[in-house]
Each structure stands twice: as structure tokens, then as C-alpha cells.
There are 2 protein chains.
Amino acid sequence: MDEKDAFQLQDFLPYLLNQAAEAASLSFQKVYKGRYGMLRTEWRVLFHLGLYGRLTATEIGERSGLHKTKISRAVAALEGKRFIVRERDDEDRRVEYLTLTTSGLAAYKDLRAIAQSHEERLLKAFTPEEAALLKRGLKRLAGA
Amino acid sequence: MDEKDAFQLQDFLPYLLNQAAEAASLSFQKVYKGRYGMLRTEWRVLFHLGLYGRLTATEIGERSGLHKTKISRAVAALEGKRFIVRERDDEDRRVEYLTLTTSGLAAYKDLRAIAQSHEERLLKAFTPEEAALLKRGLKRLAGA
DNA sequence: TGTTGTTAGTTACAAAATCAACCATTAACT
DNA sequence: AGTTAATGGTTGATTTTGTAACTAACAACA
């Protein structure tokens with residue numbers, strides 16, 4: 001349209017990031033969706049509990065940046081799959097602690113292994129230095 | 001949970017990419033959503049037409065990787081906003097050519113300028129070399 | 001005690017994304 | 001020509017997300 005127009009969609013960072021993110025998560029998504037019928041929010045919650053142990057929904061929200069309604073639904077779904085259990089706090093009966101069940105832990109470990117090999121495959125296209133640089137850049141963008 | 005567990009969510013590339021992508025598109029989203037009531041697919045279609053001129057829905061799909069139903073709905077929405085017009089091909093009456101209207105072009109130019117300054121702001125945190133490296137990496141991941 | 005404010009989490013309803021089935025038209029083959 | 005397949009695009013049903021309002025429990029303070 002505009003011949004001397006420098007702008008290119010493929011170079012627009014939000015667009016590029018999105019394309020890369022989508023491509024990178026595709027094959028992993030197939031596993032957690034296909035094998036466990038999970039949604040993106042669900043595996044994230046699962047991983048938080050697997051990595052950090054017992055947490056409340058609010059704590060998961062703080063760590064993940066996920067909104068509490070998303071977490072509430074993910075927790076309900078994971079509970080339905082018998083992957084997590086809730087425990088009311090007796091001191092403050094508003095809060096409930098979430099922990100993985102045995103099968104929840106098994107699912108976490110399974111998915112974690114897959115995530116790791118998936119990551120390796122993705123990074124095959126990069127030297128370790130490039131990979132480190134890339135990740136540092138992404139963290140900066142993520143506002144960490 | 002697993003003390004000697006090397007895995008970290010913040011280092012898992014699909015997760016990291018997603019966080020970065022979300023953070024990076026947030027402020028731009030506010031503009032196209034707030035100012036023009038557009039959805040993500042809509043600005044993408046708008047940009048494709050702004051950048052490449054007259055295209056069919058299928059061509060947009062090939063270039064963008066968007067599914068045809070998404071495009072169909074985005075096109076309908078943009079048409080409703082009087083940003084694009086359709087033109088049937090007389091040779092093959094299945095295909096229709098899409099072009100921006102004057103106000104569609106104006107919206108495109110407006111958003112493109114905002115995209116550019118948004119991009120600049122994002123890249124302020126990087127040296128030109130870092131930025132170039134980052135983008136090359138992302139393109140590699142995007143499977144371009 | 002009663003009122004007001006906060007926090008943890010859920011639910012209800014609307015907006016949007018997904019997926020499959022669907023026309024209409026053209027192409028290919030007999 | 002008649003049938004079958006492929007293509008361009010749309011529509012409808014279902015799922016998922018987003019936003020706001022909500023309940024329940026606690027806290028602060030008069």
C-alpha cells in the first residue's frame with residue numbers, strides 16, 4: 001500500500017512474540033490437553049503446586065499473575081480430576097490450602113519431564129549463549 | 001516439592017514467551033480496543049490490508065496463519081465499521097477481494113504509528129544489537 | 001454490639017475463541 | 001451432461017475467557 005513504509009508486521013515485537021509463543025507452546029499443549037484434558041491455566045496451577053508445594057489460590061495468583069477467577073476454575077477442574085485437594089485453614093476459614101494428590105504429583109512429574117525435553121528441542125536451534133540471551137531479553141520484556 | 005529439581009517455570013520457554021507476549025501487547029491492545037473497539041484478529045486483518053493492499057480472505061490466512069473462521073468474523077466486523085469493502089471476483093464468484101476504505105486506511109495509519117512508537121518504547125530496554133538478536137531468535141522460534 | 005471495610009474465593013452473565021458442519025461455486029473425471 | 005471432489009467463505013453449537021457482582025469470614029473501630 002505504502003511503498004516506502006518501513007513498518008513490517010513480522011518485525012512488530014508484540015506480533016512476533018505472539019507468533020513465537022504460539023509456535024513454541026503448540027506441541028506441549030497437545031500433551032497436556034490430549035493426555036490429561038487440561039487447559040493452559042490448569043497445567044500452570046498444577047506446576048505451581050508441583051514446584052512450590054502447598055499454596056493458597058491467592059498465592060498462586062501472586063506468583064503466576066493469573067486472575068483469581070481463572071485460578072478458581074482451574075482448581076475446580078483439577079479437583080474434579082482428583083489432582084489436588086483442598087484443606088480449610090482453621091484459623092482463618094476463608095483460606096484454603098491446595099496440595100497435589102498422588103496422581104496429581106504423578107501428572108506433574110510426567111508433564112515436567114515432557115516440558116523439559118520440549119524445551120531442549122526448542123533450544124536445539126540455539127547456542128547456549130544465544131539461548132541465555134534470548135531468555136534474559138524475554139524476562140526483561142515480561143517485566144520481571 | 002522436589003528440592004533438587006532443576007526445572008523452573010520462569011525458565012520454561014513457552015511460559016516465558018507467553019508472559020512476554022502478553023506484557024508486550026497489553027498497551028497496544030488498549031488502543032485498538034479502546035479507540036476502535038477492535039479485537040486482536042481485527043487489527044491483524046486491518047494491518048495485512050494496509051500493508052499489502054487488496055487481498056482475499058484466503059490470502060490473509062496464508063500470510064497470517066489465522067484460521068478462516070477467525071478471518072471471516074474479523075472481516076465482517078471490519079466491514080461493519082466501514083473499514084473495508086468486499087468486491088466479488090467475476091471470474092470466480094467464490095472469491096472476494098478485500099480493500100480498505102478511506103477511514104479504514106486512516107485507522108490503519110493511526111494504529112501503525114502507535115505500533116511504531118509502542119515498539120520503540122519496548123525496545124528502549126535494549127541496545128540495537130540486543131534487539132536484533134532477540135528478533136532473530138523469535139523468528140527462528142516462530143518457524144519463519 | 002453494630003457498622004464499615006477488607007480479603008478469599010465463587011458464581012453469573014456477556015464476550016470471544018474453537019470446531020464442525022454447512023452453502024455456493026468451480027474443477028475434475030467418467 | 002452427471003457425479004464427485006475441492007475450494008472460498010459462512011454459520012451454529014459448544015467451550016473458554018473476561019468482567020462484575022456476589023457470599024462468607026475476618027478486622028477495625030465506634
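Sequence lines set the chain letters: A, B, ... in the order given, protein chains first and strands last, and positions in each chain run from 1.
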Find the distance [X]:[atom1] to [N]:[atom2] and express it as a whole number of Å.
| X | N | atom1 | atom2 | result |
| --- | --- | --- | --- | --- |
| A:L78 | C:dT10 | CG | P | 12 Å |
| B:L66 | C:dA17 | CG | P | 11 Å |
| A:R44 | D:dT17 | CZ | C1' | 14 Å |
| B:L39 | D:dG18 | CG | P | 12 Å |
| B:I71 | C:dA16 | CD1 | P | 18 Å |
| A:I84 | C:dG9 | CD1 | P | 11 Å |
| A:R94 | C:dT10 | CZ | C1' | 15 Å |
| A:Q29 | C:dC19 | CD | C1' | 14 Å |

Distance (rounded to the nearest 0.5 Å) between [X] [atom1] and [Y] [atom2]:
| X | Y | atom1 | atom2 | value |
| --- | --- | --- | --- | --- |
| A:T58 | A:R94 | OG1 | CZ | 9.5 Å |
| A:F28 | B:F12 | CZ | CZ | 4.5 Å |
| A:R121 | A:S27 | CZ | OG | 4.5 Å |
| B:H48 | B:E62 | NE2 | CD | 11.5 Å |

Look at the side chain of B:R73 against the base of C:dT18 and say whether a donor-acceptor pair falls under 3.5 Å; ignore hydrogens and angles. yes
What's [X] touching, base or sugar-phosphate or nothing? Going by heavy atoms closer than 4.0 Å.
| X | answer |
| --- | --- |
| B:R88 | nothing |
| A:E91 | sugar-phosphate |
| A:R40 | nothing |

Name the closest nucleotide to the A:V95 side chain, picking from C:dG9, D:dG9, C:dT10. C:dG9
Please tell me which of the listed nucleotides, C:dA8, D:dT19, C:dT11, lies nearest to the side chain of A:H67? D:dT19
Give a yes or no on this: more than 12 heavy atoms of other residues, nucleotides or ligands lie within 6.0 Å of atom CZ of B:R88. yes
Of A:D92 and A:T41, whose nearest nucleotide on DNA chain D comes first from the 5' end? A:T41
For [X] and [N], is the shortest distance between a side-chain N/O and OP1 or OP2 below 4.0 Å?
| X | N | result |
| --- | --- | --- |
| A:T69 | D:dG18 | no |
| A:T58 | C:dG9 | yes |
| B:R93 | C:dC23 | no |
| B:K70 | C:dT18 | yes |

Quick check: on DNA chain C, is the nucleotide nearest A:K33 upstream (toward 5') of the one nearest A:E96, or the reverse? Name the residue that is more 5'.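 Closest to the 5' end, via its nearest nucleotide, is A:E96.
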